[in-house]
**Q** 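Next up is a structure, given as structure tokens.
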Amino acid sequence: MRLTERRRLSPLTFSLLLCAGTACGRSDTVLVGDGESTSFGTEDETVGPTSDPTGPRPDLPTTQECVLDFDCVAEDPCFAGRCIEGSCEFDFTDMDQDGVPPIGCGGSDCNDLNPNTFPGAPENCFDGDDNDCNGVADCFDPVCADVPDCGCTPAPGGEVCTNGQDDDCDTTVDCLDADCAGTPECGCAPTESICGNGFDEDCDGFTDCEDSECAGDPSCACVGQVESCSNGQDDDCNDLIDCADPSCVGQGPCICIGPPIPEQCSDGADNDCDMLVDCADPDCVVSPACMMCSPEQCGDGIDNDCDLEIDCADEACAFDPSCAPTPELCNNGVDDDNDGDIDCDDLDCVNVPVCVEQQATCETARKITGSGTYTGDTSGNTPKVKGSCGGDAGEAVFELTLSQPSRVELDSIGTSFDSVLHVRTGNCGEGREVACDDDSGGFQWSARIVFDILYPGTYYVFLDGFTIDPVGGSNEGPFVLNVDIEENPQERCDDGIDNDGDVYVDCGDPDCAMSVECFACVLGGGTPSAEFGVDKCGDGIDNDCDGDIDCEDEDCTASPENTTECCNGMDQNGNGIPDDFNCRCNNSGECSGGQVCYTNTAQACGLPCTSFFGDVCPFLAPGSVCNPVTQQCEF
């Protein structure tokens with residue numbers, strides 16, 4: 001992982017307004033790194049508006065209802081609205097409230113999104129902006145000529161939305177910075193009002209089409225749709241049509257992409273663009289890879305061209321009259337629409353009752369609604385997802401969504417075959433596996449998994465068959481899944497487990513401060529507290545009374561990957577990131593140095609996921625993605 005410095009153009013509300021030469025005046029003070037100032041020039045400058053916008057005021061609504069300031073939009077861009085107690089009030093534009101209107105509206109402010117920038121303002125040699133509006137910024141401004149190390153370095157934590165400073169060097173400040181849109185500091189809307197702007201207006205953790213409130217929005221209508229490669233339409237709304245869409249490469253009419261070249265007889269591609277692939281192409285008859293093969297005959301039930309595809313399932317038969325696709329029938333064992341997926345494995349069958357009952361795919365996963373017994377039958381299910389402890393046969397898929405920290409127990413006692421249970425979070429089929437068990441159920445090869453605590457989120461449970469025996473066949477048949485869910489369990493103070501899901505354990509949990517189990521710690525002169533943070537991990541005290549002190553305590557070495565690091569403010573592994581996800585936390589208030597608490601994945605402090613060069617989330621929690629609003633990895 002390597003931090004990157006990011007530099008962006010300012011997302012100004014109006015066209016970019018720049019001062020040139022001396023048109024905007026010149027400052028006589030330069031700010032240096034330690035806050036001292038140096039004189040330059042002799043001109044007198046007046047801080048404040050240099051002109052007063054005049055002219056007829058447009059008919060502005062005064063009773064327009066609003067929630068946030070950006071709900072108040074005037075037809076004339078030289079007037080800005082603010083949301084005051086639910087109603088819009090309009091006045092002359094001064095977005096950054098520095099007392100100077102922008103140039104385009106008769107004022108002289110060359111950047112109306114930074115309150116530290118206006119004619120006569122002292123030039124800050126370290127913020128990337130032309131503070132005094134003389135047409136040059138930082139090292140290019142004469143007042144910074146002799147200032148060492150001038151230039152802006154983005155803060156690792158990105159823009160802080162409440163400190164009046166441009167932390168990320170994009171020349172916009174606090175709530176005027178697009179990075180702060182849809183944050184609690186800058187106001188949350190009651191609903192996700194705009195479904196395609198990349199912001200989480202209602203601060204519920206779901207952005208645009210991820211938010212259920214956008215389900216009916218036209219911009220979200222094609223989310224999850226599959227590109228049809230021959231209809232001349234952009235079905236999946238990625239602005240790429242038919243063969244121009246990467247998802248169509250090698251399929252049907254797009255089997256040949258690019259200029260023809262001689263056929264390569266074992267790469268699965270139609271290199272010479274004659275609609276015949278590998279051994280199905282007569283050009284490959286004498287190829288060693290095709291000595292036992294011949295062109296595919298599209299109705300004899302034989303894989304003539306040795307590409308493991310038979311008749312209409314073979315791309316060589318895509319345009320054969322006998323292979324014209326028809327709508328998929330979901331219970332006849334035939335690939336009716338010739339897309340390679342048969343019956344319930346075809347996405348066209350997701351909502352068909354017989355496939356819903358099979359629950360054999362992630363798309364037909366059965367929801368676990370609470371504690372109880374869930375039954376079904378895996379006979380005939382196609383194996384798709386395998387656990388680390390086994391699961392070669394077909395599986396039944398369940399979806400478990402928790403809104404509260406919970407103790408969860410799962411077992412397959414009562415299942416008729418050798419069963420396996422494995423659980424994933426994030427992406428159903430490819431998300432991080434959080435547990436896998438084969439034979440711990442204690443009865444007839446049943447499986448059992450106990451989670452002392454599962455944090456809120458969505459999990460996928462697979463009840464799988466252990467193997468496919470060459471003689472006995474698949475481990476499949478009637479199954480039983482027993483589920484026991486205890487929401488918000490109470491903390492036990494002597495078992496070394498975070499029972500209640502608040503990340504604090506035993507005597508480190510405030511719930512245990514006065515418990516009998518922690519009296520010994522109190523009598524020893526200590527005050528039980530979590531061993532979280534640099535101060536607690538370097539004080540030589542067993543703060544949480546678990547017998548481990550400082551870096552010997554797992555709370556101070558929280559990352560399972562960077563085991564050489566400890567939560568002590570130092571960079572032990574030399575990668576430029578002190579502590580590196582090794583400080584355990586319950587909330588971001590327990591993190592320092594611009595770090596945030598990754599509450600949805602690691603429960604550890606780390607720099608915002610947007611601060612890394614590349615994607616840190618697959619390393620930290622496979623299956624998670626970086627949320628630019630919360631700035632942490634999420635599933």
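Heads up: numbering here begins at 1 and tracks the sequence.
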**Q** So does Gly501 get a backbone contact from the side chain of Asp498, meaning a donor-acceptor N/O pair under 3.5 Å?
**A**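 Flag set: sc Asp498 to bb Gly501 pair under 3.5 Å.
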**Q** Are the side chain of Glu531 and the backbone N or O of Asp550 linked by a donor-acceptor pair below 3.5 Å?
**A**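 A pair under 3.5 Å: yes.
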**Q** Would you say Asp127's side chain and Cys169's backbone share a donor-acceptor pair under 3.5 angstrom?
**A**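 The answer is no, because no donor-acceptor pair under 3.5 Å joins these two groups.
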**Q** Nearest 0.5 angstrom please: Glu123 CD to Asp132 CG, how far?
**A**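 Taking CD in Glu123 and CG in Asp132, the distance rounds to 4.5 Å.
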**Q** Under 2.5 Å between the SG atoms of Cys507 and Cys545: is that the case?
**A**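 No, the SG atoms are not under 2.5 Å apart.
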**Q** Given side chain to side chain donor-acceptor pair (under 3.5 Å), test Asp177 with Thr172 step by step and report yes or no.
**A** CA-CA 5 Å; Asp177 192 316; Thr172 59; 3.1 Å; yes
**Q** For the cysteine pair Cys591/Cys605, does the gap between the two SG atoms stay under 2.5 Å?
**A**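 Judged by the SG atoms alone, which are under 2.5 Å apart, Cys591 and Cys605 are bridged.
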**Q** Looking at Asp146, I want to see if its CG is surrounded by more than 12 non-hydrogen atoms of other residues, nucleotides or ligands under 6.0 Å.
**A**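 Atom CG in Asp146 is not crowded, with 12 or fewer foreign heavy atoms closer than 6.0 Å.
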**Q** Using a 3.5 Å distance criterion without hydrogens, assess whether the side chain of Asn124 forms a donor-acceptor pair with backbone atoms of Phe126.
**A**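 Present.
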**Q** Around atom CD of Glu430, are there more than 12 heavy atoms from other residues, nucleotides or ligands closer than 6.0 Å?
**A**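 Not buried by this count: 12 neighbours or fewer within 6.0 Å.
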**Q** Can you confirm whether Gln603 is buried at CD, in the sense that more than 12 heavy atoms of other residues, nucleotides or ligands lie under 6.0 Å from that atom?
**A**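 Enclosed.
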**Q** Taking Asn582 for the side chain and Asp580 for the main chain, is one N or O donor matched with an acceptor at less than 3.5 Å?
**A**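 Yes.
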**Q** For Arg424 and Asn427, run side chain to side chain contact (heavy atoms under 4.5 Å, CB included): C-alpha distance rounded to whole Å, both residues' side-chain angles, the deciding distance at 0.1 Å, then the answer.
**A** CA-CA 8 Å; Arg424 295 179 181 270; Asn427 181 282; over 6 Å; no
**Q** Hey, what do you get for CZ (Phe581) to SG (Cys633), rounding to the nearest 0.5 Å?
**A**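 Between Phe581 CZ and Cys633 SG, I get 6.5 Å after rounding to 0.5 Å.
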**Q** With a 4.5 Å cut-off on side-chain heavy atoms, are Asp94 and Asp112 touching?
**A**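 The answer is yes; the side chains approach within 4.5 Å.
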**Q** Would you say that Asp500 contacts Asp509 through its side chain, given a criterion of any heavy-atom pair below 4.5 Å between the two side chains?
**A**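 The answer is yes; the side chains approach within 4.5 Å.
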**Q** How about Cys556 and Cys583, are their SG atoms within less than 2.5 Å of each other?
**A**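 No.
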**Q** Hey, are the side chains of Gln165 and Asp174 touching, using non-hydrogen atoms and a 4.5 Å cut-off?
**A**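 Contact flag for Gln165/Asp174 side chains = no.
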**Q** Between Thr171 and Asp129, is there a donor-acceptor pair closer than 3.5 Å when you use the side chain of the first and the backbone of the second?
**A**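 No; judged by distance alone, with no hydrogens or angles, the pair does not exist.
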**Q** Does Tyr598 reach the main-chain N or O of Cys609 with its side chain, forming a donor-acceptor pair under 3.5 Å?
**A**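 The answer is yes, because a donor-acceptor pair under 3.5 Å joins these two groups.
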**Q** Do Glu554 and Asp548 have side chains that approach each other closer than 4.5 Å (heavy atoms only, starting at C-beta)?
**A**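 Side chain of Glu554 against side chain of Asp548, heavy atoms only: no contact under 4.5 Å found.
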**Q** Roughly how far, to the nearest 0.5 Å, is the CG atom of Asp553 from the SG atom of Cys537?
**A**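 Nearest 0.5 Å value for the SG-CG distance: 7.0 Å.
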**Q** Counting only N and O atoms by type, is there a donor-acceptor contact under 3.5 Å from the side chain of Glu491 to the main-chain atoms of Asp506?
**A**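 Such a contact is found between Glu491 side chain and Asp506 backbone.
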**Q** Answer whether the closest heavy-atom distance between the side chains of Thr93 and Pro101 falls below 4.5 Å.
**A**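 They are not in contact (no side-chain heavy atoms under 4.5 Å apart), so the answer is no.
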**Q** Would you indicate whether the side-chain heavy atoms of Phe92 and Cys105 approach each other to under 4.5 Å?
**A**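 Sidechains of Phe92 and Cys105: no contact.
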**Q** Judged by atom type as modelled, is there a donor-acceptor pair below 3.5 Å linking the side chain of Glu565 to the main-chain atoms of Gln572?
**A**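 Present.
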**Q** Checking the side chain of Gln632 only, and the main-chain atoms of Asn600 only, is there a donor and an acceptor separated by less than 3.5 Å?
**A**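 Judged by distance alone, yes, a pair lies under 3.5 Å.
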**Q** Given side chains that start at C-beta, do those of Cys133 and Thr117 come closer than 4.5 Å, heavy atoms only?
**A**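 They are in side-chain contact.
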**Q** To the nearest 0.5 Å, what is the distance between CD on Gln595 and CD on Glu590?
**A**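 Spacing of CD (Gln595) from CD (Glu590) equals 13.0 Å.
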**Q** Are the side chains of Glu159 and Cys180 in touch, meaning some heavy atoms are under 4.5 Å apart?
**A**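 Yes, their side chains come closer than 4.5 Å.
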**Q** Is the SG of Cys567 found under 2.5 Å away from the SG of Cys551?
**A**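 No; the two sulfurs sit 2.5 Å or more apart.
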